[in-house]
Amino acid sequence: MADAVVERCVAHIASLDREPACGDVDAAELCRSMREAAPEQGVPLEPLLDRLFTEWIPRSFTAPSPGYLAYIPGGGLYPAALADFIADTTNRYTGVWQAAPALVQLEANALDWLRDWMGFPPEARGLFTTGGSMATFNAIVCARERHLGAEIRRGVLYTSDQAHHSVLKSAKLAGVMPDRVRAIASDDRFRMRLDRLEAAIAADRRVGLTPFAVVSSAGTTNTGAVDPLDAIQDVCAREAMWHHIDGAYGAFFYLSEDMRGTLRGLPRADSLTLDPHKGMFLPYGTGALLVRDGAALRAAHEATADYLPAMPHPEDFYDPSQHGPELSRGFPGLRVWLSVKLFGAAAFRAAIAEKRALTLDARRRIAALPGIVIDAEPELSLFAFHLTWPGASRAEEDQATRALMEKTTQRGRVMVTGCTAHGRVLGRVCVLSFRTHQAQIDALVDDLAAAIEDIRTHG
Ligand SMILES: *Cc1c(COP(=O)(O)O)cnc(C)c1O
């Protein structure tokens, strides 16, 4: 069975650059026809693999495609799948340290590597989560416990109007209702406005509320904007508030020396969301959280039960279940550990630097295309733009920009998507897959140019 599966997977990877970057996802009929009751008897593997690989897998955004420049690209490093195979086959229990001490140590090592790469201090502790959303949720729980205790309703959380929607959702899950979340206006570069942040904090204090946390962005999903992290940290220090940075998209750019100025202040945060399934190219289901004061992470999640083995000494050994909400779980640390051991940190740094260089090349060439206006410069590896022409109204520009993304994607070689920011439809390009290289940027520029030509002649 393993041979049959591996053969299909390897063939699939080998075919990725020939497959459309966006599969046919107009599949409502297909999905209706797929509904079925649980089978009473088992069936052989081959026909199941057949349908998966020929009918169902292709009907999707080809997220691992080299031409996937939409949303925030992932990739999916193949050895991580092998790590999962080992973890699932050996099925050891990595929720508590005592049950698999050496394996849990590997996970602790991987978290320490993230900590060191992000410039966090030795007392910081981390947690592998299923994604960035869960990491931010956990961070808000830590901030709430530290600053509000039982007085949850008084607490106010601040983020920007460009923040990822998971911030509002995480706040709500953590007991901070939407009427206690302030979306601070962003400036013309889509960064949180400090003056507005300070004014909002002061206004809430005046009416007796308790400002307790700011969630800033190290790279927004819309346009890649990096909030003034250092200055926000100063505000939080002065106001005795928790500063969480959502680095789900951008944190791994801190690996690149050239990006440290843009991300200045990142290592000072109280906590940081990072998504190895984005900036480390791992398969989906790999998020991470770092908390500067490891004791705060532990305090928020510590729990014991009479039937569990005695907990290790907190300073000595890392215990996943004492630092996060889960008890039984998979073994996410092995994917990260195996990938870093196999390729080395230098390979990840080089890949991040390459994505940055490709982005600058794409930006320069796309800005030169007829009618393109750059609205958001690439601070990391994402930029945004719109299409215009003399006499165009905003509504016409919006429609044309949307059509530009669709027509470019329809050509099959790259997939790009848009967003709406500050009331305008923007096209966007995000370069983050380890499979994306110069050839895909060349294809992107050619296909955008052809799509612009098409829109200009046919409307
Ligand atoms: C992707 C993303 C998230 C959400 O992370 P998930 O891993 O999808 O849960 C949050 N913030 C930003 C900026 C993102 O790009």
Side-chain angles (χ1 to χ4, degrees), residues 61 63-64 68-76 80 114 118 126-141 157-174 181 183-184 186 190-192 213-227 229 232 243-254 259 262-263 266 269 271-290 324-326 330 332 335-336 352 355 359 376 378-384 416-419 421 426 428-433:
F61 300 165
Y68 190 82
L69 306 167
Y71 305 105
I72 309 287
L114 298 184
M118 297 298 133
L127 176 71
F128 283 117
T129 63
T130 46
S133 306
M134 288 310 287
T136 297
F137 161 66
N138 268 292
I140 295 173
V141 170
L157 180 144
Y158 305 79
T159 191
S160 93
D161 62 11
Q162 295 299 302
H164 193 270
H165 65 281
S166 63
V167 175
L168 186 62
K169 186 166 158 184
S170 298
K172 193 167 139 193
L173 291 172
V181 177
I184 303 298
S186 49
F190 306 98
R191 301 169 307 180
M192 190 191 297
V214 178
V215 178
S216 64
S217 303
T220 61
T221 313
N222 275 349
T223 65
V226 177
D227 286 334
L229 307 177
I232 291 172
H243 182 200
H244 176 73
I245 299 178
D246 178 2
Y249 155 54
F252 284 102
F253 283 88
Y254 200 76
M259 299 283 86
T262 303
L263 294 167
L266 180 135
S271 52
L272 173 68
T273 287
L274 49 177
D275 249 350
H277 63 207
K278 290 175 180 170
M280 274 182 81
F281 325 117
L282 293 179
Y284 293 122
T286 325
L289 169 68
L290 290 175
E326 295 178 321
R335 314 165 148 201
V336 184
I352 284 289
K355 301 318 140 195
T359 309
E379 293 195 55
L380 303 168
S381 72
L382 200 182
F383 60 99
V416 283
T417 46
C419 70
L426 300 176
R428 54 195 286 296
V429 167
C430 184
V431 185
L432 199 63
S433 171

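In what follows, residues are counted from 1 in the order of the sequence shown. No hydrogens, no waters, no symmetry mates; every other heavy atom, side chains included, goes into these values. Atoms within each ligand, like the ligands themselves, are counted from 1 in listed order.
Among D246, I72, L432, T273, the residue whose heavy atom lies closest to atom 11 (N) of ligand 1 is D246. Closest heavy-atom approach to atom 9 (O) of ligand 1 among the candidates S133, G74, G287, G131: S133.
Between S216 and H243, the side chains place a donor N or O and an acceptor N or O closer than 3.5 Å (distance only, hydrogens not considered). There is a side-chain donor-acceptor pair under 3.5 Å between T136 and T273.
Residue A248 has at least one heavy-atom neighbour below 4.0 Å for each of these atoms of ligand 1: 2 (C), 3 (C), 10 (C), 11 (N), 12 (C), 14 (C). Proximity to D275 (heavy-atom distance under 4.0 Å) selects the following atoms of ligand 1: 5 (O), 6 (P), 7 (O). In summary, the atoms of ligand 1 found under 4.0 Å from a heavy atom of G132, numbered by their order in the structure, are 5 (O), 6 (P), 7 (O), 9 (O). Near T221, with a cut-off below 4.0 Å to any heavy atom, the atoms of ligand 1 are 12 (C), 13 (C), 14 (C), 15 (O). Remark: ligand 1 atoms within the under-4.0 Å shell around heavy atoms of Y249 are 15 (O).
Classification of the Y71-F61 ring pair by plane angle, with boundaries at 30° and 60°, yields parallel.
Taking the side chain as every heavy atom from C-beta outward, L114 and M280 approach each other to under 4.5 Å. For the pair T262 and F253, the minimum side-chain heavy-atom distance is 4.5 Å or more. At least one side-chain heavy atom of R335 sits less than 4.5 Å from a side-chain heavy atom of P283.
Of all the heavy atoms of M134, none lies under 4.0 Å from any atom of ligand 1, so neither backbone nor side chain is involved. With a 4.0 Å cut-off on non-hydrogen atoms, S166 touches ligand 1 through its side chain and not its backbone.
Within the 4.0 Å heavy-atom cutoff, G219 counts among the residues contacting ligand 1.
Atom CZ of F252 and atom CG of L274 lie 4.0 Å apart (nearest 0.5 Å). The distance from atom CG of D275 to atom CG of L289, rounded to the nearest 0.5 Å, is 11.0 Å.
If you check which protein heavy atom lies closest to atom 1 (C) of ligand 1, you get K278 NZ, 1.3 Å.
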